[in-house]
Amino acid sequence: MIIKGVVLLLLVALSSAVVYERCTWAKLLKSQGMDGFHGISLPNWVCLTNWESHFNTNAINHNRDGSTDYGIFQINSRWWCDDRTTTTSNACNVACETLRSSVSASIRCAKRVVQDPQGLSAWVAWRVHCQGRDLSEYIRGVS
């Protein structure tokens, strides 16, 4: 019965806009295969999303170049999603607004981003706040 409740909570969390608590977000990322994906540890993903959106799935940021970053991973409209305004590559083949309401779509797109040569370096916040640092605090208390 407890397992069914956890699965239901994860499904709800994967489809609605929320601000996650760090441990809950880390567990969700882990359950979605992010720990070790493309050689990237769970603490890196948690650090990245902390600095990009403070774990807010509904986050949005308008950039000076006219592009916009969407969702918990702050995925950019110029390269990764279609906002119907910016000229885009739409490499994730997803509407940008979907990245604000669907964690599963955001995770799929983040996985696509890190498969490019830049990897996590595609995110400025990761380069500035996470790269080369001890990130153990980001998964402290996560079981």
Side-chain angles (χ1 to χ4, degrees), residues 3 5-143:
I3 292 174
V6 170
V7 170
L8 178 61
L9 285 174
L10 282 173
L11 289 174
V12 169
L14 288 172
S15 63
S16 61
V18 297
V19 178
Y20 284 95
E21 183 274 326
R22 178 185 54 83
C23 286
T24 303
W25 176 240
K27 289 175 186 176
L28 190 141
L29 286 171
K30 190 171 185 175
S31 76
Q32 297 301 303
M34 296 296 272
D35 190 17
F37 181 81
H38 216 66
I40 300 165
S41 69
L42 184 59
N44 277 287
W45 291 111
V46 178
C47 180
L48 162 70
T49 51
N50 174 66
W51 289 100
E52 285 289 351
S53 67
H54 302 287
F55 312 124
N56 182 356
T57 62
N58 203 33
I60 192 164
N61 179 54
H62 300 284
N63 301 306
R64 289 185 196 139
D65 69 357
S67 68
T68 304
D69 299 331
Y70 291 87
I72 198 161
F73 290 97
Q74 289 293 276
I75 292 170
N76 186 268
S77 63
R78 182 160 317 283
W79 306 107
W80 306 106
C81 63
D82 183 8
D83 66 0
R84 296 190 174 121
T85 325
T86 310
T87 301
T88 180
S89 298
N90 194 10
C92 290
N93 196 30
V94 65
C96 294
E97 280 299 320
T98 301
L99 300 173
R100 295 177 68 204
S101 60
S102 171
V103 171
S104 57
S106 294
I107 289 172
R108 277 192 305 275
C109 190
K111 285 179 173 181
R112 170 61 186 88
V113 172
V114 298
Q115 291 178 54
D116 264 22
Q118 276 192 297
L120 282 176
S121 294
W123 284 278
V124 173
W126 180 80
R127 293 192 315 259
V128 171
H129 299 286
C130 310
Q131 186 176 22
R133 298 178 188 237
D134 176 6
L135 304 178
S136 58
E137 68 182 88
Y138 289 97
I139 57 166
R140 186 168 290 124
V142 177
S143 52

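One is the number of the first residue; the rest follow in order along the sequence.
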Taking it one step at a time, do W80 and D116 satisfy side chain to side chain contact (heavy atoms under 4.5 Å, CB included)?
CA-CA 11 Å; W80 306 106; D116 264 22; 3.3 Å; yes
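- Note: I40 CD1 to L120 CG = 4.0 Å, rounded to the nearest 0.5 Å.
- For the pair E21/F55, no side-chain contact is recorded, criterion being any heavy-atom separation below 4.5 Å from C-beta on.
- Looking at heavy atoms from C-beta onward, W45 lies in side-chain contact with V114 at the 4.5 angstrom threshold.
- Under the side-chain contact (heavy atoms from CB on, under 4.5 Å) criterion, T88 pairs with D82, N90, not counting sequence neighbours.
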The test is side chain to side chain contact (heavy atoms under 4.5 Å, CB included); show your working for S143 and K27 and say whether it passes.
CA-CA 8 Å; S143 52; K27 289 175 186 176; 4.2 Å; yes
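- Looking only at side-chain heavy atoms (C-beta outward), N61 and N63 come within less than 4.5 Å of each other.
- By the 4.5 Å heavy-atom criterion applied to side chains, L42 and Y138 are not counted as neighbours.
- Here the closest heavy-atom approach between residue V46 and residue R22 is recorded as CG1-CG, 3.9 Å.
- Counting only distance, with no hydrogens or angles, the side chain of R112 and the backbone of N93 share no donor-acceptor pair below 3.5 Å.
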Please report the C-alpha distance between S121 and Q118 in whole Å, then the side-chain angles of each, then the deciding distance to 0.1 Å, and finally whether the side-chain hydrogen bond (donor to acceptor under 3.5 Å, both in side chains) criterion is met.
CA-CA 5 Å; S121 294; Q118 276 192 297; over 6 Å; no
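- With salt bridges taken as basic N to acidic carboxylate O contacts below 4.0 Å, one links R100 and E97.
- Using modelled atom types, one side-chain atom of S106 and one backbone atom of L99 make a donor-acceptor pair closer than 3.5 Å.
- R78 approaches T86 most closely through the heavy-atom pair NH1-CG2, 3.7 Å.
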Verdict with supporting geometry, S77 and T85, side chain to side chain contact (heavy atoms under 4.5 Å, CB included)
CA-CA 9 Å; S77 63; T85 325; over 6 Å; no
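- Two residues are said to be in side-chain contact when any heavy atoms from C-beta on lie closer than 4.5 Å; W123 and F73 meet this criterion.
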Take L28 and I107 through the side chain to side chain contact (heavy atoms under 4.5 Å, CB included) test and state the conclusion after the steps.
CA-CA 10 Å; L28 190 141; I107 289 172; 3.9 Å; yes
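- Under a cut-off of 6.0 angstrom, the local environment of NZ in K111 is crowded, with over 12 non-hydrogen atoms contributed by other residues, nucleotides or ligands.
- Annotation: the span from S102 atom OG to I72 atom CD1 amounts to 11.5 Å, rounded to 0.5 Å.
- Side-chain N or O atoms of Q32 include none that pairs as donor or acceptor with a backbone N or O of M34 at under 3.5 Å.
- Once rounded to the nearest 0.5 Å, the distance linking OG1 of T68 with CG of N76 reads 8.0 Å.
- Across all their heavy atoms, H54 and V19 have their closest contact at O-CG1, 3.7 Å.
- The minimum heavy-atom distance between A105 and T98, with the atom names listed, is CB-CG2, 3.8 Å.
- Pairing of C81 with C92 by a disulfide is not supported, the SG atoms lying 2.5 Å or further apart.
- For W25, the side-chain hydrogen bond (donor to acceptor under 3.5 Å, both in side chains) test picks out T49, with sequence neighbours left out.
- Looking only at distances, no side-chain donor or acceptor of Q131 sits under 3.5 Å from a matching main-chain atom of V128.
- With hydrogens and angles ignored, the 3.5 Å screen pairs a side-chain donor or acceptor of T57 with a backbone N or O of V18.
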Please assess N44 against S41 for the test side-chain hydrogen bond (donor to acceptor under 3.5 Å, both in side chains), listing each intermediate value before the final yes or no.
CA-CA 6 Å; N44 277 287; S41 69; 2.8 Å; yes
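- Minimum heavy-atom separation, C130 to L135: O-CD2, 3.6 Å.
- In terms of modelled atom types and a separation under 3.5 Å, the side chain of Q115 and the main chain of H38 share no donor-acceptor contact.
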